[in-house]
Amino acid sequence: MNPNDQAPQATSAASLLKTLGLVSALCGIIIVGAYQGTYESAAANRRLALERTIFRIVPAAKTMSEWQATAQGIRPAGGEAGGKVGAGAIKFYAAYAADGSLAGIAVEGAATGYADVVRILYGYSPDCQCINGIGVVAMKETPGIGDKIITDKAFLANFVALDVKLDRELAKLANEVKVVKHGSKTDAWQIDAISGATVTSRAVGKAINDSAQALLPKLLPNIEQLRNKKS
Amino acid sequence: MKDLSQAKNFDEFLEGIWRQNPVFVMVLGMCPALAVTVSAVNALAMGFATTFVLVCSCLLVSLMRKLVPKEVRIATYIVIIATFVTVVDYIIQAVSLELYEALGAFIQLIVVNCIILGRAEAHASKHPPLTAITNALGMGIGFTIGLFALGGVREILGAGKFFGVSLFGANFQPWVVMVLPPGGFFVLGAWLLLFAVIRRRKEVRLSTSGGGHVA
């Protein structure tokens, strides 16, 4: 077993290379085969998970389409859901009810929480200019503490009609979305933090604020484009 | 020798499940054993993923054992293991995205799971395919049982659930620390203690009944 047990017998470089090449080629074929074989269902899974989250936060929605907002305006994002967006463009999803009317808009936001980045999806209603639902896309927050953001009823009540109105110039939010200490919410644009899970609550607030500040000034002036589009 | 082969195979199979259980006896692969065992489902999924990689890698290593020169064996084994980890990674994404998110980076980390490289190096590279697979399957199942023992207990104590089903009703206050990292150590410690006591009892019994000697 020990290489020194036998008289040293140099293995030729050609034979070493041949073995390594053979193993690499074989492994390469296996990997590519597995990738090809699972790609479709993995992509379908991702699309389904996204749709499920969007349909949960915009309950009236039956179909959805992906859009991009840029400095020039908004346009449908070609290609599949979850694809790449161009630099400076912000991705959002328009959700349509069964009769083709705009049911709501879903936007992704992210901010650093306690353990890792908390990625959320929030529903935006142009009619009330408010956020009327959130869902978590990915988080690694402490079980039983940080993950209350998806179960705590008092916290979720913040997102029945969270005010994100734009100011008169439509350049930024009239009032920044702020997370306040548990029990001290006074205005419609404030989020009442979960007591004991302040860091995660703040991450949700920051994710919404950052994303809304960036997207809504580009989106709201062009909202008619979305309404006219029958999906 | 031929008559004994079946008994010997069974012995190879049992080695990983009981005598050399990777979690409780060899205490190997602790990184996934502590990190993903917050629920029974996660533990089982991780166990199956590892078993799949273990069996496939050991089969390939065993098939190629006469082909691979000693000088490049580690590189070869790692490439083979990494291949099957990638395959498992794709499969889990295709099966359930939720599970994939829950297991996180630990699927990719199967590449450096010491049980697998250990088996490839110490066993599969010296035995014919059937023996290698049998041993690998035993080890994989032993590892899965170990993870399940951790995950099940942690989910019951830390979340009051088993396979996601609530056990104790609404008034149960979950023992949250059990699903946090320290809880992993507590539960692992408790299991190791239990196994140590069982082994000790057995040794004492052997030595008092005469004939046997304590190792």
Side-chain angles (χ1 to χ4, degrees), chain A residues 1-6 8-53 82 115-116 119 136-148 196, chain B residues 35 38-39 42 52 56-57 60-61 63-64 66-102 104-105 121-122 125-126 154-155 158-161 173-181 183:
Chain A
M1 299 307 129
N2 189 326
N4 297 328
D5 283 352
Q6 293 136 14
Q9 200 176 25
T11 316
S12 76
S15 132
L16 292 181
L17 280 175
K18 201 176 71 194
T19 314
L20 287 173
L22 188 78
V23 170
S24 306
L26 184 67
C27 290
I29 291 167
I30 296 175
I31 290 180
V32 173
Y35 178 72
Q36 295 284 349
T38 58
Y39 181 80
E40 297 248 306
S41 34
N45 264 349
R46 263 193 291 275
R47 203 160 43 233
L48 213 77
L50 181 70
E51 269 183 12
R52 219 180 301 134
T53 317
D116 199 354
R119 285 172 56 212
V136 170
V137 179
M139 68 165 168
K140 295 196 171 67
E141 302 299 281
T142 316
I145 303 173
D147 70 354
K148 275 191 195 156
Chain B
V38 293
S39 71
N42 284 5
F52 173 82
C56 293
S57 310
L60 205 55
V61 165
L63 284 172
M64 300 179 91
K66 297 203 174 105
L67 213 79
V68 178
K70 286 192 201 73
E71 291 83 346
V72 292
R73 66 182 196 286
I74 302 288
T76 315
Y77 299 162
I78 285 288
V79 170
I80 290 172
I81 294 167
T83 300
F84 289 111
V85 170
T86 313
V87 170
V88 139
D89 188 81
Y90 291 146
I91 291 176
I92 294 182
Q93 280 187 60
V95 171
S96 161
L97 208 59
E98 246 169 64
L99 197 61
Y100 187 72
E101 294 276 351
E121 166 84 7
S125 63
K126 292 165 193 150
R154 288 178 72 186
E155 190 180 357
K161 294 174 183 169
Q173 189 66 40
W175 194 2
V176 173
V177 73
M178 283 304 169
V179 290
L180 300 179

Chain B interface, residue from Ser41(A), Cys27(A), Ser24(A), Ala34(A) that has the most non-hydrogen pairs under 4.5 Å: Cys27(A)

For chain A, find which of Val87(B), Val176(B), Asp89(B) contributes the most heavy-atom pairs closer than 4.5 angstrom. Val87(B)

Indicate the atoms forming the closest heavy-atom contact of Leu16(A) with Val72(B), along with that distance. CD2-CG1, 3.9 Å

Distance, nearest 0.5 Å, that separates CG of Leu20(A) from CD of Glu71(B): 10.5 Å

Exercise: identify the closest heavy-atom pair between Thr83(B) and Ile31(A): CG2-CG1, 3.6 Å

Region of Leu60(B) in contact with chain A, defined by heavy-atom distances below 4.5 Å: side chain

At a heavy-atom separation under 4.5 Å, does Leu180(B) approach chain A through its side chain, its backbone, both, or neither? side chain

If you draw a 6.0 Å radius around CD in Glu98(B), do more than 12 non-hydrogen atoms from other residues or ligands fall strictly inside? no

Turns out that what part of Glu101(B) lies under 4.5 Å from chain A's heavy atoms comes down to side chain

For Thr76(B), which atoms come within 4.5 Å of any heavy atom of chain A: side chain, backbone, both, or neither? both

Working to the nearest 0.5 Å, report the span between CD of Gln93(B) and OG1 of Thr38(A). 7.0 Å

On a heavy-atom basis, which atom in Leu22(A) and which in Met64(B) lie closest, and how many Å separate them? CD2-CE, 4.4 Å

With a 4.5 angstrom heavy-atom cut-off, is it the side chain or the backbone of Ser96(B) that approaches chain A, or both, or neither? backbone

Which region of Val38(B), side chain (C-beta onward) or backbone (N, CA, C, O), has a non-hydrogen atom less than 4.5 Å from a non-hydrogen atom of chain A, or is it both or neither? neither

Chain A contact via Phe84(B) - which portion, at a heavy-atom distance below 4.5 Å: side chain

Atom pair CZ/CG of Arg47(A) and Leu97(B) - distance to nearest 0.5 Å: 12.0 Å

Ranked by heavy-atom pairs below 4.5 Å to chain B, first place among Val23(A), Leu48(A), Ile145(A) goes to Val23(A)

